[in-house]
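Here the structure is laid out as structure tokens; the discussion comes afterwards.
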Amino acid sequence: MIESRNAALIAWLALEREAVWFYPFVGARVPDVADRARSAARAHAVTRDRLLGSVVDDTTTVQPSYDVGTIDTEANASSAARRLEQRIQAACLAVVAASTGDDREVAVSGLRTAATDELGWSGRARAFPGMAD
């Protein structure tokens, strides 16, 4: 259980690192979403830092860039942000399944936050965030 818990936390951490890179990139490319992107970057940095304290043997690395597709309009930016938040939801759900206690509570909170953030990027409410439709 500890190994699967740590693997799930590492997968979530990798996505938080991506989000910390992604949102400033989006804000610089699409001025109409810059404020929202800055706020998202700050929130994801806090989550990343919290996860760094929970992970044993962090094997993630910060990539110099990520494949996010074309980001040149608000619609492109929102679509890419929704996809990232959905991936974070799935990672949080995996942590919920692999953990207990405080880790599970943190993951449920992360799942709720990512689902809410998806809505903020013109997403749609889903009955079971983090699960494939």
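As a basis for the values below, the full set of heavy atoms in this structure was taken, side chains included, without hydrogen atoms, waters or symmetry mates. Nothing fancy with the numbering, it's 1 onward along the sequence.
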Subject >> Pairs flagged by ring pair (Phe, Tyr, Trp, His ring centres under 6.0 Å) wherever residues 68-120 is involved - sequence neighbours left out >> reply: none
**OP:** Scan residues 48-64 for pairs that pass salt bridge (charged side-chain N to carboxylate O under 4.0 Å, His left out), counting only residues two or more places apart or in two chains.
**Re:** Arg17-Asp58
Original post:
Who are the side chain to side chain contact (heavy atoms under 4.5 Å, CB included) partners of Ala77, not counting sequence neighbours?
Top reply: Val26, Val30, Val33, Ile71
Original post:
Are Leu52 and Trp12 linked, directly or through other ILVMFWY residues, by side chains that come within less than 4.5 angstrom of each other?
Top reply: yes
Original post:
Could Arg124 and Glu118 be called an ion pair, given the rule that one side-chain N must be under 4.0 Å from one carboxylate O?
Top reply: no
Original post:
By ring-ring contact (aromatic ring centres under 6.0 Å, His included), which residues pair with Trp21, not counting sequence neighbours?
Top reply: Phe25, Tyr66
**OP:** Any salt bridge (charged side-chain N to carboxylate O under 4.0 Å, His left out) involving residues 19-39? Give me the pairs, sequence neighbours left out, ordered by first then second residue.
**Re:** Asp35-Arg38, Arg36-Glu74
If you look only at distance, which donor and acceptor atoms sit under 3.5 Å apart when one is on a side chain in residues 108-117 and the other is two or more places apart or in another chain?
from	atom 1	to	atom 2	distance (Å)
Thr113	OG1	Ser109	O	2.9
Thr116	OG1	Arg112	O	2.9

Original post:
How would you list, by chain and number, every residue that makes a side chain to side chain contact (heavy atoms under 4.5 Å, CB included) with Thr59, sequence neighbours excluded?
Top reply: Ile10
Original post:
How long is the gap from CG on Leu9 to OG on Ser99, to the nearest 0.5 Å?
Top reply: 7.0 Å
Original post:
Heavy-atom distance under 4.5 Å between the side chains of Leu15 and Phe22, does that happen here?
Top reply: no
Subject >> Closest heavy-atom pair and its distance - Gln89, Pro129 >> reply: OE1-CB, 3.3 Å
Subject >> Verify same cluster id: Val20, Ile88 (apolar side-chain graph, 4.5 Å) >> reply: no
Subject >> Greater than 12 external heavy atoms within 6.0 Å of Asp72's CG >> reply: yes
**OP:** For Thr61, check side-chain hydrogen bond (donor to acceptor under 3.5 Å, both in side chains) against everything at least two apart and list the hits.
**Re:** Gln63
**OP:** Please name all residues satisfying side chain to side chain contact (heavy atoms under 4.5 Å, CB included) with Ala41, sequence neighbours left out, ordered by chain then number.
**Re:** Tyr23, Pro24
**OP:** Show your working on side-chain contact (heavy atoms from CB on, under 4.5 Å) between Gln86 and Met131 and close with a plain yes or no.
**Re:** CA-CA 9 Å; Gln86 289 167 358; Met131 297 183 75; over 6 Å; no
**OP:** Is it possible for you to say whether Val68 and Trp121 belong to one hydrophobic cluster, with membership spreading through side-chain heavy-atom contacts below 4.5 Å?
**Re:** yes
Original post:
Is there a side-chain contact between Val95 and Arg104, using heavy atoms and a 4.5 Å cut-off?
Top reply: no
Original post:
What residues form a side chain to side chain contact (heavy atoms under 4.5 Å, CB included) with Arg83, not counting sequence neighbours?
Top reply: Ser79, Ala80
Original post:
Who passes salt bridge (Lys or Arg N to Asp or Glu O under 4.0 Å) against Glu16, sequence neighbours left out?
Top reply: none
Original post:
What pairs with Arg87 under side-chain hydrogen bond (donor to acceptor under 3.5 Å, both in side chains), at least two apart in sequence or on another chain?
Top reply: Glu18
